[in-house]
Amino acid sequence: MAWILYGDWNSGATILEILLNEAEAPFAFRPVSIARDRQLADDFAAINPMRRLPVLVAPDGTVVTESLACILVLAEHVPDARLLPPPATRERAIALRWMAFLAGELYGAVGRFDYPERSTADPAGAAAVREAAMAETRRLWSLLDGQLGPGPYALGETFSALDAQILVMSRWANGPAAWVDAHCPRILEAVRATAARPAAAAIWTRNYAPVRPARPDEASAAAALVEAAYAPWVPAIGQRPGPMDDDYARRIARGEAFVVAEASGALAGLVVLEQKDGAFWLDNVAVAPAHAGRGLGRRLIRFAEAEARRRGHDAIRLYTHQRMERNVALYRDLGYVETGRAVAQGFARVFMEKRLAG
């Protein structure tokens, strides 16, 4: 039987995803959207009464919660993967010390940063709690950075579960990652070494590789990505979706195409944004098949929403084909509301809109 991992993108579950890959252990990923508070739902509480991620289910059906416990249980089950140094060694003691430090100290600061209202009875004090949590996070990362010896990994020449923790947790917003990278050189070295490992490379791309403007020399690659991403929809809707025949050289020249690329330069995802008729449109989201279904599309949608806010819009619009029911359901799940249906340019379209918080 395979492991089961409940989690969301860029959450504590991502640590376990890296380690399961390192161990070459088969697992099923069950997405639980933190943005939609799905971890707070009663059906998830039946799995984890604490209503938190991650949750790891062992092949024998044992349910494990709390991130550090999940890591240790996994390491015990796959000793040949050497996710931790051997027992009763100096290296093991150092690894456990700092893994417990991150799970105990840093997770607490993360909680206060993400949910400051839970740490004060005065709603007006939430901003101060959040600010203090960020300051504490930076102190903790600086402390750990000063304690690590020569690299490239946290324990030296050998990768361990501690490196997976460092990679993921240092990317969280309460740092934020840019601050950690600028002020903690040993943390950054461990992050880069871990991100380059085959077990983590695709995860790094989906979760952390920057969303950047597409370059002119990437027009053909963008078109090929869209072709591969939309090809499965052709039989379902009986025609080629509009994005398959778009002019990506023109999109790139107009600054409308943004991409996420693998370390090799291959494109993993693309989003096309357009301002027209006084509105901001999410024109197209495409994810390479190798990265599909693991959160990159949602990340690109979040980028589009953030870009709309940055440009002064209080709403974002999109349309998709009426027969692309899975996409319609996804957008509804992300807070988009249907505003109409019509045939436009030969396509039966569903028009949707999402109001954006300030």
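In this chain, numbering begins with 1 at the start of the sequence shown. Quick note: numbers below take in every heavy atom, side chains included, and nothing from hydrogens, waters or symmetry partners.
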- prompt: On the ring face of F29, is R294 found with NZ or CZ under 6.0 Å from the centre and within 45° of the axis?
  reply: yes
field: Residues D247 and R254 bridged, charged N to O under 4.0 Å
entry: no
message: Salt bridge check, R240 against E227: does any charged N sit closer than 4.0 Å to a carboxylate O?
response: yes
message: Is it the case that atom CD in Q147 sees more than 12 heavy atoms from other parts of the structure closer than 6.0 Å?
response: yes
message: For the backbone of L334 and the side chain of K354, can you confirm whether one donor and one acceptor N or O come within less than 3.5 Å of each other?
response: yes
- prompt: Using a distance-only test with no angle check, is there a side-chain donor-acceptor pair under 3.5 angstrom linking Q275 and H313?
  reply: yes
query: Under 4.0 Å between a Lys/Arg side-chain N and an Asp/Glu carboxylate O for K276 and E256?
result: no
message: Just by distance, no angles: are the side chains of Y208 and N10 close enough, under 3.5 Å, to form a donor-acceptor pair?
response: yes
task: Supply the atom-to-atom distance Y319 OH to E338 CD, rounded to the nearest 0.5 angstrom.
output: 15.5 Å
field: Ring center gap for W98 and F101 short of 6.0 angstrom
entry: yes
- prompt: Do the charged groups of R302 and E305 touch, with an N to O distance under 4.0 Å?
  reply: no
query: According to the interplanar angle, ranging from 0 to 90°, do the rings of F351 and W281 count as parallel (below 30°), tilted (30 to 60°) or perpendicular (above 60°)?
result: perpendicular
- prompt: Could you state the interatomic distance from CG (L318) to CZ (F280), rounded to the nearest 0.5 Å?
  reply: 11.5 Å
message: Using every non-hydrogen atom in the two residues, find where L106 and M169 come nearest and quote the distance to one decimal.
response: CD2-CE, 3.7 Å
message: With a 6.0 Å cut-off (strictly less than), is the heavy-atom count around CZ of R192, excluding the residue itself, greater than 12?
response: no
field: Of N284, V287, D246, the residue whose pairing with V226 passes side-chain contact (heavy atoms from CB on, under 4.5 Å)
entry: N284
message: In this structure, is the centre-to-centre distance between the rings of H77 and W3 below 6.0 Å?
response: yes
field: Presence of salt bridge, E274 and R251, under 4.0 angstrom
entry: yes
task: Using a strict 4.0 Å threshold on nitrogen-to-oxygen distance, state whether E136 and R139 make a salt bridge.
output: yes
- request: Find the distance between OH (Y336) and CG (L330) and round it off to the nearest 0.5 Å.
  value: 9.5 Å
task: Any chance you could lay out the side-chain contact (heavy atoms from CB on, under 4.5 Å) test for L144 and I187, step after step, and finish with the verdict?
output: CA-CA 8 Å; L144 177 57; I187 298 297; 3.9 Å; yes
query: Can a donor-acceptor pair be found between the side chains of D122 and T120 at a distance below 3.5 Å?
result: no
- prompt: Looking at D163, I166, V180, which one forms a side-chain contact (heavy atoms from CB on, under 4.5 Å) with V191?
  reply: I166
message: Taking L155 as the starting point, is it possible to reach L143 by hopping between hydrophobic residues whose side chains are less than 4.5 Å apart?
response: yes
message: Whether the Y153 and R197 side chains hold a donor-acceptor pair (N or O, under 3.5 Å, no angle test) is what I'd like checked.
response: yes
